[in-house]
Protein chains: 2
Amino acid sequence: MKSTKRKNMQPEERRAQLLGCAQILFFSKGFEDTTVQDVLDLAGVSKGGFYHHFKSKDELLFGVLDGMAEGVFSQMDLVASDETSSALELLRSFIHLRANYLREHDYPGQVEFFKVMNQDKNLVLLEQFKRRVRTGAMPVLTRIIQKGCDEGTFAVADIDTAAELILFLSTFMDLALLRAIEARGAETADHAAGKLQAAIDMQFLTIDRILGLPDGTTDFGWPEAVDVTMATEPPPPPSTN
Amino acid sequence: MKSTKRKNMQPEERRAQLLGCAQILFFSKGFEDTTVQDVLDLAGVSKGGFYHHFKSKDELLFGVLDGMAEGVFSQMDLVASDETSSALELLRSFIHLRANYLREHDYPGQVEFFKVMNQDKNLVLLEQFKRRVRTGAMPVLTRIIQKGCDEGTFAVADIDTAAELILFLSTFMDLALLRAIEARGAETADHAAGKLQAAIDMQFLTIDRILGLPDGTTDFGWPEAVDVTMATEPPPPPSTN
DNA sequence: CTCTTGAAAACCGACCAGCGGTTTGTAACT
DNA sequence: AGTTACAAACCGCTGGTCGGTTTTCAAGAG
């Protein structure tokens, strides 16, 4: 029998490689439109080899998702276990972390990634990822709110519900952010920037109310946040002078 | 050539029939797990016949979704065009409509339907449906808030953003409702009921803040809402004495 | 009013490429 | 030598296509 060249690797190494290839493909073509064969071709592995490491295509998806979420969660944990900061400060860090995990964590194409992830074809991917983030962030946020209540800073009827709602607000912000990013450079950019600012304001307004804080307490949005978001340069069109 | 009996129908009729069969199957087996062949068998139509009316399986999905959303939207429009009511009353009607469209609109198995729809395998279905509802409900809610601002009842920085956030709150409520429904009959039922009440309270608290209303203005949840939700009897297991 | 006609609409069912996943055997490492 | 890591052929089934067949229905003829 003729046989192609073959390169054995350590299981973890192969796994990582396959996850990497899968991530690239999932986020460009979408999960459904990515064939296992696509992954196979990109990684240079046979089907048998693949199914030796992953028992299904779904497991591959969850693997990718886990890999992405891992870093965020550990950072969150780190933030929340800081005993010296007040609950309010912790909350501030938490929200910024949640809002910027793309920027902090990843390769330069984070914005592109964000856009691709929000396309219709990646609906499954996105929703599955959101769930991971939510379930992973819940305990951390709960702990922070608990601490705030103990301190007497926060006044909340039900901690879990409060935490959950705040995390939902993040989803709301994601949508606003997406719209803003998509409008960058277009003539509607100013309008989009206004909407983004409105969403940010409303987010913090709502958090104040959820936690029983006086108006304006959690105005964590630093002033130039919107400008920063709208300014990330797309590859400058040569027509610009 | 032998030929099976064949029954031609008006296009709309066939379309409706296929949509009906699809709806049943989608919500029992899930979208991905439902084969077009399944629909074919249930409807007694051949593949060619099917693809004469629908150009893809996805179009079938969107057809089902549209059919479901249609009724809600028309009701919403009706509600919002009532000139005699105040904005606050309109909002009340709107929220109740949004919260109860399953109960109002459908066959007796609404709860079952809700549960099935929230299963993991129906993620696409659910999310796609939510989007429809959101985009369809947006203009109505916007109009209501606009009216409230004109009246001087509401005070909102950005109407669209406010409307969007309120609709996101509905999603939040859906989750809470789902948890409650799933806990019915279990020994955690009381706990779940508490959480549901907390979510309801927090929803209205948040809406107050969003619209710039004094605390407690939009306490639209009628007192026995939670009990009603938790009480729907499941088919009583014969092991119960 | 009935009958013919013919084109368009409705429909059938065999067929296909490609999918996720399995199996069986073999090369490579320890 | 035994186990691990992989290859390649294979399988059942899926969504979708295609050429052909049947119904329908309106218009024209008698």
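Lettering of chains follows the sequences in order, A, B, ..., and the numbering in each one begins at 1.
Geometrically, A:Lys57 does not engage A:Phe50 in a cation-pi contact, judged by NZ or CZ lying under 6.0 Å from the ring centre and within 45° of the ring axis.
Under a 4.0 Å N-O distance rule, the pair B:Arg179/A:Asp160 does not qualify as a salt bridge. Ion pairing between a basic and an acidic side chain is recognised when a charged N comes within 4.0 Å of a carboxylate O; A:Glu59 and A:Arg15 show such pairing. Here A:Lys29 pairs with A:Asp38 in a salt bridge; the nearest charged N to carboxylate O distance falls below 4.0 Å.
Rounded to whole angstrom, the span from the CZ atom of A:Phe31 across to the C1' atom of C:dC19 amounts to 12 Å. As a whole-Å value, the separation of A:Gln37 CD from D:dA9 C1' is 13 Å. Atom pair A:Glu32:CD and D:dT14:P shows a separation of 16 Å (rounding to whole Å applied). Taking atom CG of residue B:Asp38 and atom P of nucleotide D:dG15, one finds them 8 Å apart after rounding to whole Å. Protein atom CG of A:Asp41 is 15 Å distant from nucleotide atom C1' of C:dG20, rounded to whole Å. The CG-P distance, from A:Asn8 to D:dC6, rounds to 5 Å in whole Å.
A search for salt bridge (charged side-chain N to carboxylate O under 4.0 Å, His left out) contacts involving A:Arg134 returns nothing, not counting sequence neighbours. Partners of A:Thr161 by side-chain hydrogen bond (donor to acceptor under 3.5 Å, both in side chains), not counting sequence neighbours, listed by chain and number: A:Asp158.
For B:Arg14, no side-chain nitrogen or oxygen approaches OP1 or OP2 of C:dA10 to under 4.0 Å. Using a 4.0 Å cut-off, some side-chain N or O of B:Thr35 falls inside it from OP1 or OP2 of D:dT14. Close to D:dC25, at under 4.0 Å from its OP1 or OP2, lies a side-chain N or O of B:Gln10.
For residues 51-65 of chain A, proximity to DNA chain C is found at A:Tyr51, A:Ser56, A:Lys57, defined as any non-hydrogen atom under 4.0 angstrom from a strand atom.
Considering only the side chain of B:Val45, C:dC12 comes nearest among D:dA9, C:dC11, C:dC12.
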